[in-house]
Amino acid sequence: MIKRIKRFLDISSNKYAVAVVVLLLASFIIGLSSVFFRYPMSWFDEQVHYARTMTYADNPLSITRGKVTKDEQTFIQKPMEKIARSLGQPTTEIISSDWQKEFDELGKHQERISTKDATAAAIYTPFVYAPYIIAAWIGKVLHLNVVTTFLLMRLSGFLLVFTMLVLAIRKIPFGKLTLAIIGSLPPVTISFAAISADELSYGFSFLFISYALSLYLSIIKDKKLNIKDIWLFILLSFCVVLTKIPAFLILGLYLPILYAGFKTKAINKKGLITLSVVLCICAIITIGWYMIVRNMNGNVEYYGRENVDQVRQIKFMLSHPLRTLRIFADNILSYPYNSMQLGYSDYTKTMSVPAGLTLLPFAGLVLSIFIKDKDDELNFTDNQLAMLYNHVSRLLFVGAILLIFIIFYLQNSEVGSDTVVGLQPRYFLPFLLLLLPFTNRTLEYNARFMTGLVIISASPLIYYSAIFIFQLLN
């Protein structure tokens with residue numbers, strides 16, 4: 001069995017393979033459990049994304065407000081009322097094996113009504129909700145009830161993006177353990193199991209960076225590029241830019257690939273032109289989508305925020321450059337990036353991983369970078385192309401952080417505010433893989449070391465699993 005897994009994931013070492021498989025298996029089990037046992041809308045903003053999915057399922061061209069059935073609107077409102085009550089007092093129903101019974105009466109009201117619950121997600125393309133929309137259509141064709149359709153949506157999204165994670169681990173030439181650790185972080189696992197705009201963003205980001213590393217390593221080693229991989233890389237590029245606007249920055253990896261391909265002649269003139277055109281088209285798509293949604297500020301209507309206006313905010317930033325720099329510096333440097341959300345819970349104290357525990361997986365991530373499954377044939381330390389990739393990818397990571405703060409300052413924060421509001425730490429997780437470098441530094445490891453590394457890396461997931469089981473049994 002382990003030989004087949006090693007062959008499929010392209011891993012040589014038994015100990016390395018076991019570590020990767022254990023993390024994947026743990027993520028799969030707890031993610032699948034979350035699909036069925038987490039209360040509806042119990043992941044942050046799940047009600048918004050569920051509503052947006054159903055409006056797109058009704059009309060893929062719907063803008064801001066859309067229509068849902070009265071039963072679907074009840075299915076949104078009733079859980080949110082209970083979740084609101086749970087924030088003030090303990091409950092036993094947010095993590096439960098029989099929450100479906102509360103919605104047995106649904107199914108009598110199929111007339112469609114306008115909903116404002118989808119407005120906060122109006123900036124996302126229908127593509128980011130594709131697996132959920134297809135599941136919703138299947139539910140309608142099969143005449144499934146609201147609850148069963150909801151679970152089908154969760155399940156289809158989870159299975160799709162988990163498969164994408166496995167394929168990314170298979171494709172990435174090194175750092176497979178690093179990617180497995182990122183995939184096992186509770187916010188990632190729970191996002192996989194919920195109806196969320198983050199799900200495909202994670203999946204396609206992981207796949208794209210894995211393919212970029214694979215292509216780049218082939219160029220460095222003067223290997224002939226696989227045409228199939230290049231076309232898949234191009235396809236992934238379009239998928240990435242259709243998920244979230246900040247994800248476009250990941251396509252900055254085109255720059256070292258184009259340069260290295262030109263310098264080594266690993267990519268011919270036609271290939272260089274094709275990749276350059278694809279990059280330009282992706283940029284046009286990103287800019288075009290932003291221009292379409294720039295005035296669709298659903299946060300004003302849905303969350304009741306006032307004095308939020310992108311045009312006025314931009315004018316403020318341009319007229320107060322020094323203050324703007326101070327605002328971003330203060331917010332970026334003080335932000336709790338290591339915070340790990342667990343969604344709504346039976347107890348408010350269990351809605352996030354304890355702060356001290358969140359540091360352990362990041363220590364595991366750093367160590368995993370220097371744990372090699374295979375011996376590198378090249379000296380990456382003295383390889384200028386390898387160092388170029390490392391520098392560019394780090395700049396892209398920093399750029400992604402800055403762009404996310406800018407977007408939320410424009411879309412969510414009041415004009416002239418000193419605080420960037422609406423940010424959640426999980427928004428930065430898809431970009432962590434950009435920090436995986438080409439390096440020849442290695443750590444010697446044995447079975448005991450790998451066991452310890454897996455435990456500290458999975459400690460937040462272990463914590464979530466423990467409180468999940470405790471709440472499920474009580």
Side-chain angles (χ1 to χ4, degrees), residues 23-24 26-35 37-39 41-50 83 94-95 121 124 128 154 157-158 160-162 164-165 168 178-206 209 243-244 246-247 335-365 368 397 400-401 404-405 408 422-435 456-468 471:
L23 289 170
L24 284 175
S27 301
F28 181 80
I29 293 173
I30 194 63
L32 192 62
S33 300
S34 297
V35 166
F37 298 138
R38 287 192 68 94
Y39 198 65
M41 322 309 159
S42 61
W43 183 234
F44 300 121
D45 296 330
E46 188 172 20
Q47 78 283 3
V48 170
H49 299 299
Y50 170 75
I83 287 171
I94 305 302
I95 307 296
Y124 298 118
V128 83
R154 273 186 173 180
F158 172 75
L160 173 63
V161 78
F162 188 84
M164 294 169 70
L165 172 63
T178 303
L179 182 50
I181 292 173
I182 295 173
S184 70
L185 297 175
V188 177
T189 301
I190 303 173
S191 290
F192 283 7
I195 297 174
S196 169
D198 296 322
E199 188 174 67
L200 285 188
S201 177
Y202 286 136
F204 283 117
S205 296
F206 294 156
I209 297 173
T243 55
K244 287 189 173 184
Y335 192 78
Y337 298 96
N338 64 309
S339 177
M340 293 190 187
Q341 302 162 308
L342 299 178
Y344 298 110
S345 181
D346 291 351
Y347 309 94
T348 54
K349 291 183 179 179
T350 56
M351 286 175 58
S352 61
V353 178
L357 204 59
T358 62
L359 299 176
L360 295 179
F362 291 102
L365 279 172
S368 70
F397 179 77
I401 292 177
I404 291 171
F405 272 90
F408 275 84
L423 278 170
Q424 298 186 45
R426 69 177 187 273
Y427 298 153
F428 304 100
L429 296 180
F431 303 99
L432 276 179
L433 199 58
L434 287 171
L435 297 178
I456 66 168
S457 301
S459 53
L461 188 63
I462 294 171
Y463 173 81
Y464 173 62
S465 302
I467 63 170
F468 185 89
Q471 293 173 94

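FYI, side chains are in, hydrogens and waters are out, and symmetry mates aren't considered; it's all heavy atoms of this structure.
- Pairs engaging residues 348-364 under the salt bridge (charged side-chain N to carboxylate O under 4.0 Å, His left out) rule: none recorded [sequence neighbours left out].
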Go through it in stages, so that I can follow the logic: the residues are F192 and V35, the test is side chain to side chain contact (heavy atoms under 4.5 Å, CB included), and I'd like the CA-CA distance, side-chain angles, deciding distance and then a yes or no.
CA-CA 9 Å; F192 283 7; V35 166; over 6 Å; no

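- Put simply, the side chain of Q471 never gets that close to the backbone of I95: no donor and acceptor are under 3.5 Å apart.
- Considering only heavy atoms from C-beta on, M41 comes within 4.5 Å of Y50 through its side chain.
- Between K244 and A197 the shortest heavy-atom distance is CE-O, 3.7 Å.
- Taking CG from L23 and CG from L461, the interatomic distance works out to 8.5 Å, rounded to the nearest 0.5 Å.
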Go through T189 and Y464 one step at a time and tell me if the side chain to side chain donor-acceptor pair (under 3.5 Å) criterion holds.
CA-CA 10 Å; T189 301; Y464 173 62; over 6 Å; no

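- Closest non-hydrogen pair, W43 versus P187, comes out as CZ2-O, 3.9 Å.
- Rounded to the nearest 0.5 angstrom, L423 CG and I401 CD1 are separated by 10.5 Å.
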D198 vs Y427, test: side chain to side chain contact (heavy atoms under 4.5 Å, CB included). Steps then yes/no.
CA-CA 8 Å; D198 296 322; Y427 298 153; 4.0 Å; yes

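- Two residues are said to be in side-chain contact when any heavy atoms from C-beta on lie closer than 4.5 Å; T178 and L435 fail this criterion.
- Residue S196 holds its OG atom at 11.0 Å from CD1 of I190, rounded to the nearest 0.5 Å.
- The CZ atom of F44 sits 5.0 Å away from the CD atom of Q341 when rounded to the nearest 0.5 Å.
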Step by step, would you call L24 with L165 a side chain to side chain contact (heavy atoms under 4.5 Å, CB included)?
CA-CA 9 Å; L24 284 175; L165 172 63; 3.9 Å; yes

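- To the nearest 0.5 Å, the span separating OH on Y202 from CG on L429 amounts to 4.5 Å.
- For I181 against G364, the heavy-atom pair with the smallest separation is CD1-O, 3.8 Å.
- The side chain to side chain contact (heavy atoms under 4.5 Å, CB included) search around L32 returns F28, F36, L155, F158, not counting sequence neighbours.
- For the atom pair CZ of F204 and CD of E199, the computed distance is 10.5 Å after rounding to the nearest 0.5 Å.
- Scanning both residues, P425 and P336, for their nearest heavy atoms gives CG-O, 3.9 Å.
- The two atoms that bring S345 and T350 nearest to each other are OG-OG1, 2.6 Å, heavy atoms only.
- P430 pairs with exactly one of S191, P246, S205 by the side chain to side chain contact (heavy atoms under 4.5 Å, CB included) rule, that one being S205.
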